[in-house]
Structure formats: structure tokens, C-alpha cells
Amino acid sequence: MDDPIQLEAKADWSSCSNTKKEKQKLAHFLFSLSLLLFLNFQLVSSKKWDGIIVTQADYQALNAFKHDLVDTRGVLRSWDNSNLTACSGWTGIKCVNGQVIAINLPWRGLGGRISEKIGQLQALRRLSLHDNLLVGPVPTSLGFLPNLRGVYLFNNRLSRSIPPSIGNCLVLQTLDLSNNQLTGIIPPSLANSTRLYRLNLSFNGISGPIPVSLSQSQTLTFLALQHNNLSGSVPDSWGSKSVNLSSYQLKLLSLDHNFLSGKIPASLSKLSFLEELNLSHNTIEGEIPMPLVNLQNLSSFDVSYNNLSGTVPSVLAKKFNSSSFVGNNQLCGYSSSTPCPSPAPENNLPTPSQGAPQAQKKHRRKLSTKDIILIAAGALLLVLLIICCVLLCCLIRKRSASKAKNGATEDPKPVPAAGTEAESSTETGGKLVHFDGPFVFTADDLLCASAEIMGKSTYGTAYKATLEDNNNQVAVRRLREKITKAQKEFELEVSELGKIRHPNILALRAYYLGPKGEKLLVYDYMPNGSLASFLHARGPETTIPWPTRMTIAIGITRGLCYLHTEQNMVHGNLTSSNILLDEHNNPKIADVGLSRLMTTTASANVIATAGTMGYRAPEFSKLKHASTKTDVFSLGVIILELLTGKSPSEATDGLDLPQWVASIVKEEWTNEVFDVELIRDAPNIGDELLNTLKLALHCVDPSPAARPEAHQVLQKLEEIKPEVPASGDDGAAEVPAKSE
Ligand SMILES: *[C@@H]1O[C@H](CO)[C@@H](O)[C@H](O)[C@H]1NC(C)=O
Ligand SMILES: *[C@@H]1O[C@H](CO)[C@@H](O)[C@H](O)[C@H]1NC(C)=O
Ligand SMILES: *[C@@H]1O[C@H](CO)[C@@H](O)[C@H](O)[C@H]1NC(C)=O
């Protein structure tokens with residue numbers, strides 16, 4: 001368990017020429033124990049689970065913790081002594097080696113307080129009690145927990161001030177105390193947590209200034225302090241602690257709805273990753289600093305309802321609409337109704353900014369020697385000041401450079417930002433590689449993700465994992481180790497699979513190689529399940545209209561066509577269980593290329609068994625290898641499934657589905673083959689049904705040579721139903737791209 005985790009950054013790629021270039025999203029990912037343990041447990045569930053008794057200290061702490069809670073719904077009933085092996089029976093508790101590593105009890109209606117005894121759970125990594133009714137303070141003893149990575153206590157009624165001791169949690173990544181009744185100040189010590197990545201203290205009653213230390217953090221990515229009583233000015237030291245500005249990762253800075261005053265600091269322009277800046281509803285004055293226009297990634301900007309003045313830089317005025325600027329009486333130039341006064345002619349009253357040079361001109365001739373001496377002295381002072389500044393800068397640079405050096409040896413790297421490459425600490429062995437994708441999740445998110453089995457196949461078991469922090473879901477496939485290729489070959493193949501992006505192909509987002517040879521593939525999770533269950537496991541009152549079926553057929557064919565023509569790949573195991581549906585019922589082909597990850601013998605076995613389910617082309621029994629033509633056969637079976645509503649595994653008079661359909665068509669009872677609910681609509685769609693049936697029968701022709709290619713099937717389907725639009729992009733394009 002002690003090999004370093006390696007994170008690999010993959011450069012962006014654009015094999016899909018039509019999709020937007022995308023930078024990879026990569027997050028600190030100490031993929032760790034729980035999910036793996038869970039998965040392991042599932043796999044060895046036949047073996048006896050030899051539980052390890054919880055340590056005495058943790059047992060006492062849990063009891064004290066329970067004692068201080070008010071559990072009106074009885075969710076903690078399972079916490080009793082008779083049930084204490086390996087914590088396995090305790091709701092919301094996860095243990096490793098007899099120590100509690102996670103408390104996950106969100107949305108349980110829990111009242112009462114969080115016991116200070118929680119500081120006794122020395123192995124605790126995650127404390128998640130958000131969306132409950134907890135009162136009292138945030139325990140000071142959290143500061144005694146050296147392994148604490150995530151604290152999620154938002155949406156409760158916690159009060160008092162934030163304990164400064166939390167800064168002692170050196171590996172803390174997320175602290176979310178938002179939407180409570182906290183008061184007091186923000187402890188500057190929070191910045192001592194040098195891995196802190198998300199700090200959310202919004203919607204509380206916190207007062208005092210924003211600690212300068214936070215503005216210098218090199219790991220903070222999300223800083224949300226909105227809706228508090230913060231005062232003082234916004235610190236002007238953003239990005240001031242390092243030579244290398246790209247080490248600042250802040251993407252979101254929300255300071256709105258406070259009592260901040262002073263000016264907008266120009267140093268914000270050093271935060272090159274900044275995407276969202278909200279300073280609205282404060283009393284900030286002065287002009288909007290020109291350097292802010294350099295923030296290339298800024299996609300949301302709000303300075304409305306302040307006391308700003310002057311001209312809005314035209315770049316910002318163009319990029320953001322007036323709602324970003326309204327409520328500032330003296331601000332101009334952001335909309336046609338707020339024109340800035342034009343340069344003043346001689347006689348008019350000059351505006352302050354244009355007035356200065358003019359006034360100077362007028363006075364130039366009347367300078368006395370006294371004035372000249374004063375000016376000279378002033379200039380000298382200025383020069384001295386500049387020299388001082390330069391010296392100071394040099395000193396600071398040197399220091400921070402040497403600090404960085406020291407840091408590299410003692411202190412593990414902080415959470416890396418998207419697009420950077422990072423090696424992380426030696427907590428768990430293994431290696432995680434991310435491809436592009438819409439999720440940014442930390443290790444901690446997956447650490448205690450709850451997982452449930454979705455299905456098992458020859459390749460291994462598929463799980464649905466819920467990243468509890470933000471409720472994002474991913475599908476995880478654990479491959480059977482015995483049948484996968486050796487690591488080098490595996491990685492070569494899987495990195496090719498990670499590049500495949502098509503709206504009708506399930507996207508592979510990441511893979512993980514465990515220290516003991518575990519191999520996990522992380523995919524997008526598809527909420528609507530498989531086409532097989534959509535078609536065959538629905539209630540009697542659920543109908544699937546023809547246009548939906550046709551959209552699915554066309555989508556699958558588009559995906560297959562892309563595989564065959566653009567990727568030069570054969571699927572080899574296309575079935576309606578391998579077609580997944582997204583929330584709009586757009587089909588996505590799953591298990592693409594899995595056979596490439598398997599040893600040759602294993603993949604031959606998988607292919608050999610594919611026929612048992614009724615999708616196997618007849619030539620398979622002799623040739624035993626897949627081709628584009630065998631894929632087209634399987635596609636034909638799936639289209640027949642859509643037309644008939646029958647599953648190929650239901651034996652129909654001893655015939656397989658293609659044979660059955662063919663036999664009925666031969667006897668000219670064609671209408672009998674269609675799903676009854678389609679027949680009701682037959683007057684309108686009769687031709688479409690018949691033409692689609694013909695095409696499907698063409699696909700399942702016993703002779704491979706007679707079958708069309710996938711692109712010909714697509715062309716035909718699009719002729720039959722020309723109005724089906726291409727499904728949207730794969731969702732990844734919504735993520736703002738990061739430029740370096
Ligand atoms: C912070 O918390 C608020 C309230 O709970 C939530 O709406 C917001 O999305 C959070 N922001 C971040 C960056 O965590
Ligand atoms: C902000 O402007 C308003 C009206 O424009 C004024 O009443 C208020 O005193 C100003 N506040 C500060 C802090 O300057
Ligand atoms: C301004 O833009 C935001 C999104 O950037 C949008 O939600 C809002 O409706 C727009 N407001 C106006 C007045 O156009």
C-alpha cells in the first residue's frame with residue numbers, strides 16, 4: 001500500500017474532428033480504500049469475511065458521538081455492541097483495519113451536537129453530516145485528526161466560530177461549512193492546510209476580514225465566502241507568494257453579499273485560472289482595474305451593486321451583459337444607456353480622469369523654483385521607493401523559491417489543477433489516469449463513494465458509484481484480473497479506448513491500476529439503464545412510441561458506423577444489454593473495445609459465448625471471430641427487438657428471433673411481428689415499419705456477404721426517418737476548456 005500514486009496527464013486530443021478541443025480535467029485522486037475494499041468484498045463474498053473488531057478508542061468515540069446526537073428516525077439503531085465486527089453493520093460508518101475512516105450520514109434528520117470525542121477517531125478521513133439539523137459548534141478536536149481529508153457539514157444549524165485548530169489538518173482538501181449559523185472570523189490558520197482545495201463558508205454570519213493567507217494559497221480552487229458579514233477590503237496579495245503564477249489554481253471566487261469595501265485589487269488578474277468572480281452586493285469603490293481583462297478563462301463576472309466608478313474596460317463590457325455592472329451609480333460604458341461622458345471640450349467641466357492632464361498643462365508655465373525643488377525631491381523619493389520595491393521583490397522570490405525546493409522534498413504536492421501533471425503522496429499504491437470528462441473529483445470523493453452492483457459479465461462486474469460530495473455518479477467496471485492483459489499492453493490499449501468520443505458511444509473517463517493488479521474502468525453513468533431493460537422490463541402501462549424506437553435504432557447505428565469507419569474497430573458483442581440510455585434516451589454503445597484489454601484466449605471465450613444470447617451471426621460457430629458483418633448481424637437483431645418488442649432470449653416456437661420474424665413474413669402475416677402498441681399507429685407509420693423491417697432482415701441475412709455495411713444501414717434508416725437529429729455532444733464540451 002505504499003507505492004506512490006502516479007497521476008498521468010493526457011494531452012488533449014482531437015481525433016473527433018468535430019468536437020471542441022478539450023483540455024483534460026485532472027484532479028488529485030488518491031483513489032483509495034473503500035471502493036476497492038467494497039469491490040473486493042463483493043468478489044470474495046463467498047469466502048468468510050473475518051471481521052476485525054473495532055479498536056477500543058474508536059468504539060468509545062462512536063458511542064459518545066451517537067450519545068450526543070438526536071436520532072429521531074432511528075437511523076443509528078444498527079449501532080450496537082452485538083454488531084461490531086469490522087463496523088460492517090453500522091449504518092454510515094466505514095472502517096479499515098478496525099479503525100473508522102469515514103462517517104457518512106447526510107440527510108438523516110439528525111439533531112443534537114457533534115461530540116468533541118470525534119477527535120479520538122484517529123484514522124478518520126471523511127466526515128459527512130450535511131443536510132441534517134445539527135446544532136452547537138464545529139468540534140475543535142477535528143484539528144487532532146491527521147488524516148482528515150473532507151469535512152462536509154453544510155446545511156445544518158451549527159453556530160459559534162470556526163475552530164482555528166482545523167488548520168492543523170494538513171491533508172484537508174475540502175471544508176464545506178456553508179449554510180449554517182457560524183459567526184466569528186475566518187481563522188487565518190486555515191491556509192496552513194496546504195492541500196485545501198475547496199473552502200466553502202458561504203451563507204453564515206461570519207465577520208471580520210478575509211485572511212490574506214487565503215489569497216496566497218496555491219491549492220485553493222474554490223473559495224466561496226458569499227452571504228456573510230465580512231468587512232474590510234479584498235486582499236491585494238493574490239498570487240503574491242510564488243514566482244510561478246501558474247501554481248495558483250483558483251477558479252471560483254465568490255465574495256458577494258458581504259460588507260467589503262476598498263478597491264478591486266488588480267492582483268486578481270494574476271489568477272490565470274479564474275473562471276468565476278463575484279464581488280456583487282458589497283460597498284467596493286474605485287474603478288475596475290484594467291488588468292482584469294487578461295483573465296482569459298473568466299466566464300462569469302459580477303460587480304453589480306457596489307460603489308464603483310469610472311469606465312468599464314471595453315473587453316469586459318463586451319463579454320458580460322449589463323446585469324454584471326448595474327447598481328453602481330458612477331460606473332459607465334457597459335451598455336448603450338450608460339455612455340461615458342465624451343472628452344470634455346475646453347469650457348466644460350472636465351471629468352476627473354481627463355481633467356488631470358489639462359490642469360497640469362495650464363499650470364506648467366507658472367512653476368516657481370520652490371515647486372521645482374519639491375518636484376525633484378518627490379521624483380528622487382519615487383526612484384528610491386522603486387529601488388526598494390525591486391530589492392524586496394528579489395528577496396521574496398529567492399525565499400519562496402527555496403521554500404518550494406524544501407517543500408518538494410518534505411511536503412507532498414498539493415492538489416493539482418486541471419491539465420497539470422502530478423505525482424502524489426505515498427498513501428495508496430496504484431495509478432490513476434484520467435481522460436477528459438465533465439467531472440472533477442478528488443480522491444476523497446471516490447474514497448467513500450457508495451457502490452452498488454449493476455451487473456456481472458465475463459469481463460467483470462459493473463458498479464454504480466455515487467460520489468457523495470456532489471452526488472455525481474459514475475459507472476465503474478472492475479475487470480477480472482486473470483483475464484486482462486499485462487500492465488504495459490493493457491495501458492497501451494486502454495489509452496486508445498480513452499480517446500474514443502462519439503455521442504452514441506459510452507465514454508471511458510478514467511482507469512485505475514491497483515497495487516495488487518486490480519483494474520478499474522470509470523465511465524459515465526447512464527441513468528436510464530440498458531435498452532434490454534427499457535424494452536423488456538417495463539410495466540404494462542408504459543409504451544414506447546415509434547419515434548423513440550427509431551431514434552434509438554439510428555443512434556446505435558451511428559455509433560457502430562463511427563466504430564467501423566473512424567476507429568477501424570469491431571465491437572464483437574453488441575446486444576441490447578450493451579446499449580445504455582442517457583436521460584433523454586439517447587443510446588450509447590457500451591463495452592467498446594473491452595476485448596482488446598483481455599488476453600487472446602479470454603476474448604475468444606467472450607465472443608464464443610456471445611451467441612448464447614441470440615445475437616450471434618451463424619458463421620460464428622465456424623469462424624469464431626468477429627467482423628463488421630457479425631456486428632451488423634447483431635445490429636439487425638437489435639432493430640428486430642425494437643420492432644417486435646420481443647427479446648431474442650425468449651424462445652419463440654423454437655426459433656431464434658430472426659428466424660421467427662422471417663417465418664412469419666414468409667406467410668404474409670407481417671403485421672403479426674410488430675409490437676402490438678405499434679400496430680395501433682399503423683395507418684400513420686405503416687411504411688416506416690415495413691421498410692425498417694426489411695432493412696433489419698437484410699442485416700440478419702445468413703450470408704455475411706449479403707449483409708449491408710453499417711454506413712449503408714445508417715443511410716437507409718435516415719431515409720426512412722429523416723427527421724432524427726444527431727444526439728448532442730457527449731456532454732464533455734460543456735466543461736469550460738482550460739488554456740495554458
Ligand atoms: C458553497 O455552498 C453553497 C451553499 O451550500 C452552494 O450553493 C455552493 O454551490 C457551494 N459552492 C462551492 C464552490 O462549493
Ligand atoms: C456608496 O454610494 C452610496 C450612494 O451612491 C452612498 O450613499 C454611500 O455612502 C457610499 N458608500 C461608501 C462606503 O462610500
Ligand atoms: C446576462 O447574462 C446572464 C448569463 O451570463 C443571463 O443569465 C442573464 O439573463 C443576462 N441578463 C440580461 C439582462 O440579458
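As the structure lists them, so they are numbered: ligands from 1, and atoms in each ligand from 1.
In this structure, the protein non-hydrogen atom closest to atom 13 (C) of ligand 1 is F222 CB, 3.9 Å. Closest to atom 4 (C) of ligand 1 among all protein heavy atoms lies S178 OG, 3.5 Å. The protein atom (non-hydrogen) at minimum distance from atom 14 (O) of ligand 1 is R198 NH1, 2.6 Å. Scanning the protein for heavy atoms near atom 7 (O) of ligand 1, the closest one is F203 CE1, 4.8 Å. Nearest non-hydrogen protein atom to atom 9 (O) of ligand 1 is N200 ND2, 4.8 Å.
Using cut-offs of 30° and 60° on the angle between ring planes, the pair F203 and H227 is parallel. Aromatic ring pairs are classed by plane angle as parallel below 30°, tilted from 30° to 60° and perpendicular above 60°; the pair Y152 and H130 is perpendicular.
No hydrogens or angles considered: a donor-acceptor pair under 3.5 Å links the side chains of S215 and S237. For the residue pair D236 and S267, a side-chain donor N or O sits within less than 3.5 Å of a side-chain acceptor on the partner. Checked by atom type, the side-chain pair N179/N155 shows a donor-acceptor distance below 3.5 Å.
Within the 4.0 angstrom cut-off, atom 11 (N) of ligand 1 has one or more protein heavy-atom neighbours. Under the 4.0 Å distance rule, the nearest protein heavy atom to atom 2 (O) of ligand 1 falls inside the cut-off.
For ligand 1, the atoms lying closer than 4.0 Å to a non-hydrogen atom of S202 are 1 (C), 2 (O), 3 (C), 4 (C).
With a 4.5 Å cut-off on side-chain heavy atoms, I114 and L153 count as touching.
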